[in-house]
J.: 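One structure, pasted below without further comment.
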Amino acid sequence: MTDEEILSKLEDSTKNATRRQLDTLRSILERQAGVRYLQPHLSGYGAPIDALTFRRAVPLSCYDDYVDHINQLASGLVDHDKPLLSVDPLVCFFYSSGTSSVKPKLIPYFDSTLSKAASQIAHQGSGAILRRLFPPKNENSKVLCFIYAGNITTTKGGFKAMAASAFPLHRSRNETWSQLRYHSSPIEVILGSDLEHQMYCHLLCGLRNSEIISGIVAPYAVGLIRIFSVLESKWEQMCDDLENGYPCSDITEIAMRDSVIEVLGGPQPDLAKRIRSICQENNWCGIVSRLWPNVRYIRCVTTGIMRQYYPKLKYYAGEVPVVGGDYFASECCVGINLDIVQPPETTRFVMLPTAAYFEFLPFDMERREIIGEETAEFSSVEVGKVYEVVVTTYRGLYRYRLGDIVKVVGFYNSAPQVEFLMRAPKSSFEIVTERDLMSAMEGFQSVLRNAMAAEIVEFAIYMDLELSPRKLRIFVEVSGGCMFLQEKLPESSVVGFKRCCSSLEDGLGSIYKVQRNRGQVSPLLVSIVKPGSFDKLLRVAIENGAPASQYKPPKIIRNHEIAEFLEGCSLATACLDSLDG
């Protein structure tokens, strides 16, 4: 299909969206109603099962409701006569991108023709929207795309487990290469086994092709911030590599090294000289267009917790537009971004009526909890109201609470337009949400910058709910060179730091304030951690199976191991009336 045909098909799907939704549910149930997960709920009903009956008979679900079935599938206990979740063949498992725990969840991927068709139109539509805004200028242009296939593990039953974003990279080599021919990096870099080396080689190949790079792409904004940090620290070595015509000795993986040597095409002294003259000025504001003079856009997800990285990304981008990504989850595609030039605070996603059957669970932002278990459909959501997204997918998830909180801000034709707000709290005991923390840290950054010339690199909060009163601790990593990294803080810094922390506590939301005043919550603790602590956490997560391409630093820590790891990285901890190094 042409781009015009793809966009027309997307447009048509948003018209009469309610009927499309009912057709989607009917297609799912006609094929899957007999699976063992659904049988206890639907066995007394004759076909066809309508939407109202489905919602009344099948309970809302979460990941824990599927764990036993998923473990059986992963172990190879597949009964084709009595399928557990889907009648379609099991292909592999996808890792979830959530990182509040040590190990990611496994999402089964079934070979569903209907799901592939829905997913294909969503991804094709996303590409068509980008090309409509930035039409290809010439066939030699390339994209500097920071993607990583990640580690592939094999379950006990012999099924592969990988990141959803990496799945297209593990098809036949010919099919994969046709997709990657416009990328500046060879596939051997994408398939590499060391993230640090992959980032370095992606950058090196991108610099070698600097004149023909038209776009810079990564799944999430945090990945690009990490890339530019590598550039700032490694540019001299990269210039040496360009001058020599081969990567430094740190790059030891043979396939990756040989492929990069081929891309470099021998010594490039003039290019190395140009890049060295740019980088040695040590001015990283707007560095993108100086290194890649023909780049037209940077694309990544900047909504949700990625908003934190948007200002820094704009700093590097300068005049180059930063365009937004789409609302695609490991479980299914959810929404598409039709106006990608919008900044994160005004980004809207149009729900895709054919991607899954969607329901909306009313959510109270003041009380931080769902309101009952009655869901709304496409046709009954209200503009201005907040909901948790519930999905029934083509691939074995039924009335599954996705854990995403969205606000309905309007309609595109008859499909809801939503703003992504945050991940849902895991329980009513979580008195600080992602959104509370993000808001508080924005104010805290401003105070720190003005009072102590410190820049926040990363942060997360841990809530110890087992203690009485409950204890909250925020871990903050600041940029190198500031006073917080001295072995012994001067008294003036101690006083200033306490004052800054007081302003942070004021921004953590109404429920926190009420419980703090009642003595149900201990005084807030704020720990400054060593530089690189959150990067170490990334490496630990990857070692435990988290996909590098989809990694999102945790904001709400729910795992004791992660909290203990960061506690071990602490340089200083501030309380209301003390500071201990």
Side-chain angles (χ1 to χ4, degrees), residues 17-18 20-22 24-25 28-29 37-38 41-42 49-67 96 98 100 105 107 303-305 327-335 348-411 414-436 509 511 556 558:
T18 299
R20 299 268 186 173
Q21 274 283 273
L22 295 177
T24 297
L25 180 62
I28 293 170
L29 294 180
Y37 179 86
L38 289 176
H41 310 297
L42 298 180
I49 297 167
D50 60 43
L52 183 59
T53 300
F54 174 72
R55 294 202 308 275
R56 286 177 175 172
V58 179
L60 293 168
S61 65
C62 63
Y63 187 78
D64 290 344
D65 296 308
Y66 298 87
V67 166
S96 66
S100 59
K105 299 171 184 174
I107 307 295
T303 48
I305 63 172
Y327 185 1
F328 296 164
S330 299
E331 295 82 358
C332 65
C333 297
V334 180
R348 308 290 184 255
F349 301 103
V350 177
M351 302 289 286
L352 294 166
T354 60
Y357 176 67
F358 295 102
E359 299 173 65
F360 300 84
L361 198 54
F363 187 86
D364 188 325
M365 286 295 287
E366 288 296 320
R367 296 166 58 187
R368 322 290 171 81
E369 60 187 15
I370 60 170
I371 307 168
E373 294 202 353
E374 284 292 321
T375 58
E377 295 182 284
F378 261 38
S379 61
S380 56
V381 293
E382 298 180 47
V383 174
K385 294 292 181 68
V386 176
Y387 302 91
E388 180 179 348
V389 180
V390 177
V391 298
T392 295
T393 73
Y394 293 100
R395 292 193 171 116
L397 299 175
Y398 307 99
R399 304 200 76 210
Y400 179 82
R401 294 175 61 176
L402 205 54
D404 291 342
I405 304 300
V406 301
K407 181 179 181 179
V408 176
V409 294
F411 286 85
S414 57
Q417 274 189 307
V418 300
E419 174 191 353
F420 184 95
L421 296 183
M422 63 181 185
R423 291 288 293 166
K426 293 294 184 183
S427 74
S428 59
F429 296 109
E430 291 190 358
I431 58 176
V432 174
T433 66
E434 277 185 358
R435 197 169 174 85
D436 293 329
I511 293 181
I556 308 293
R558 302 181 177 94

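Both backbone and side-chain heavy atoms feed into the values below; hydrogens, waters and symmetry mates do not. Quick caveat: nothing in here was measured; it's all calculated off a predicted structure.
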J.: Would you say the side chain of Arg368 lies within less than 4.5 Å of the side chain of Asp436, judging by non-hydrogen atoms?
T.: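 Sidechains of Arg368 and Asp436: in contact.
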J.: Quick check, are the ring centers of Tyr398 and Phe54 under 6.0 angstrom apart?
T.: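 Here the rings of Phe54 and Tyr398 have centres that are no less than 6.0 Å from each other.
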J.: Rounded to the nearest 0.5 Å, what separates atom OG1 in Thr393 from atom CD in Glu331?
T.: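 It is 8.5 Å, given to the nearest 0.5 Å.
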J.: Could you tell me whether the side chain of Tyr387 and the main chain of Glu382 form a donor-acceptor pair under 3.5 Å?
T.: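 Yes, the answer is positive, given that a donor and an acceptor are paired below the 3.5 Å cut-off.
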J.: Rounded to the nearest 0.5 Å, how far apart are CZ of Arg56 and CG of Asp50?
T.: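 Reported value, rounded in 0.5 Å steps: 8.5 Å.
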J.: Evaluate the side-chain proximity of Tyr63 to Ile107: yes if any heavy-atom separation is below 4.5 Å, no if none is.
T.: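 In contact.
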J.: Could you please spell out the steps behind the side chain to side chain contact (heavy atoms under 4.5 Å, CB included) verdict for Lys407 and Lys385?
T.: CA-CA 6 Å; Lys407 181 179 181 179; Lys385 294 292 181 68; over 6 Å; no
J.: Angle class for the Phe358/Phe378 ring planes (parallel below 30°, perpendicular above 60°, tilted otherwise)?
T.: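 Parallel.
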J.: Apply the test side chain to side chain contact (heavy atoms under 4.5 Å, CB included) to residues Tyr327 and Leu352: give CA-CA distance (whole Å), side-chain angles for both, the deciding distance (0.1 Å), then the verdict.
T.: CA-CA 10 Å; Tyr327 185 1; Leu352 294 166; over 6 Å; no
J.: Before you tell me yes or no, could you show the steps for Asp65 and Tyr37 under side chain to side chain contact (heavy atoms under 4.5 Å, CB included), namely the whole-Å CA-CA distance, both residues' side-chain angles and the distance that decides it to 0.1 Å?
T.: CA-CA 9 Å; Asp65 296 308; Tyr37 179 86; 4.3 Å; yes
J.: Could you check Arg435 against Met365 for side chain to side chain contact (heavy atoms under 4.5 Å, CB included), going step by step and ending with a plain yes or no?
T.: CA-CA 10 Å; Arg435 197 169 174 85; Met365 286 295 287; 3.8 Å; yes
J.: Are side-chain N/O atoms of Tyr357 and Glu377 paired as donor and acceptor at under 3.5 Å?
T.: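 Their side chains do contain a donor-acceptor pair, which is all the 3.5 Å distance test asks for.
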J.: Is there a donor-acceptor contact under 3.5 Å from the side chain of Thr24 to the main chain of Ala356?
T.: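 It does not hold such a pair.
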J.: If we ignore hydrogens and angles and just use 3.5 Å, is the side chain of Glu388 paired with the main-chain N or O of Arg423 as donor and acceptor?
T.: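 No; zero donor-acceptor contacts below 3.5 Å.
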J.: Nearest 0.5 Å, what's the CD1-CG distance between Ile370 and Asp364?
T.: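 Rounded to the nearest 0.5 Å, the CD1-CG separation comes out at 11.0 Å.
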J.: Quick one, Cys332 and Arg395 - any side-chain contact, counting heavy atoms below 4.5 Å?
T.: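 Not in contact.
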J.: Do Arg399 and Thr375 make a side-chain contact, defined as non-hydrogen atoms from C-beta onward lying under 4.5 Å apart?
T.: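 Sidechains of Thr375 and Arg399: in contact.
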